[in-house]
Amino acid sequence: MSKQADISTKRLISLAPNNWVKWVTQIPDIVAGEILNSEFQWISRESDVLIRAESQEYGKFLVLNELQLRHSPEMPRRMRAYAGLAEEKYKLPTYPVLINILKNSDVEIPTKYESNIAGLQVRQDYRVINLWEVDVSIAFEQPLPSLLPFVPILKGGQNESTIREALRLLQRDEQLNQLETVLAFFATFVLDSALVQQIMRWDMTVLRSSPWYQEILRDDRLSSIELTLEVKFGNEGLNFMPKISQISDIEELKAIQRSILIAQNLDELKQVLKRLENDN
């Protein structure tokens, strides 16, 4: 059984936008409007999903949804930028929400951006939702179909029966059944791969070709490269990370890590990285 899954954030949130914005904002009377274009003129990257919303108490505003596979230290600055650009483009106040999917450390995740230069202060608050802290019952009871693919990593969602129930709900709905791949991907974090394959009843090569799986491989490879650079070349080595982090190809990242291991000094590493860049 092979399915090409549309697992974009916009696709997930559009399944039940009203219930989604009620959950992320905790505003009971909020009503979701259209999902807006979130491409900004001054930056090449898009914010995940921008929704026009309205409530009796707060009037019209934007709900900015930013989903991250794992939290990055750069997110506070990005949240400030995205919120500001959204307000500038649509002339509406913005409610920014950062949703972290996988836990990568016990370090407390900030809920605001702050800076102070010569007495001039900047502050951007945003709501943080960590999926591993969200009770799995919310996905079934509210209901929030957008959370069903994430059931295995939600709080209390790690057991086989709960994952099977999430799969049943996905399979019975034409809009949802293409999201099985996402559910299977996250199920491998809590169940044996053979059991996941048995539950899903399809070849695990489908999972390995999924964007989620590839993103995890890339994320892990980048973490390994960063550690190797720091151990071998110290802080000077870490100066290469911003450029390396822009690379998405797994094989290219593997080649870079091999080059780091065999490089004798920073000058040699620079030359090797330059050759790799020219080859691509």
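As a basis for the values below, the full set of heavy atoms in this structure was taken, side chains included, without hydrogen atoms, waters or symmetry mates.
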I'd like to check the side-chain contact (heavy atoms from CB on, under 4.5 Å) partners of [X]; sequence neighbours left out, ordered by chain and number.
X      : result
Glu165 : Phe140, Arg168, Leu169
Pro152 : Ile163, Leu183, Phe186, Ala187, Val190
Pro110 : His71, Pro76, Tyr126

With sequence neighbours excluded, residues passing salt bridge (charged side-chain N to carboxylate O under 4.0 Å, His left out) with Asp106:
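Salt bridge (charged side-chain N to carboxylate O under 4.0 Å, His left out) check on Asp106 returns Lys103.
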
Sequence neighbours left out, what passes salt bridge (charged side-chain N to carboxylate O under 4.0 Å, His left out) with Glu108? Give chain and number order.
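Result, salt bridge (charged side-chain N to carboxylate O under 4.0 Å, His left out) vs Glu108: none returned.
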
Kindly give the cluster partners of Leu227, where membership spreads through any ILVMFWY side chain lying under 4.5 Å from a current member.
Val231

Taking transitive links into account, so neighbours of neighbours count too, which hydrophobic residues share a cluster with Leu261 at under 4.5 Å side-chain distance?
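Result for Leu261 is none, singleton.
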
Does Glu133, at its CD atom, have more than 12 non-hydrogen atoms belonging to other residues, nucleotides or ligands within less than 6.0 Å?
yes

Just checking Arg164: does its CZ atom have more than 12 heavy atoms from other residues, nucleotides or ligands closer to it than 6.0 angstrom?
yes

For [X], side chain to side chain donor-acceptor pair (under 3.5 Å) partners two or more places apart:
X      : value
Asp135 : Ser137
Thr162 : Asn159
Asn19  : none

Does anything in residues 54-64 pair up under side-chain hydrogen bond (donor to acceptor under 3.5 Å, both in side chains), and if so which pairs, sequence neighbours excluded?
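Found none.
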
Do [X] and [Y] come within less than 4.5 Å of each other through their side chains, counting heavy atoms only?
X      : Y      : answer
Leu266 : Asn239 : no
Ile244 : Leu229 : yes
Ile27  : Phe61  : yes

Results of ring-ring contact (aromatic ring centres under 6.0 Å, His included) for Phe189 - residues two or more places apart only:
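So Phe189 forms a ring-ring contact (aromatic ring centres under 6.0 Å, His included) with Phe185.
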
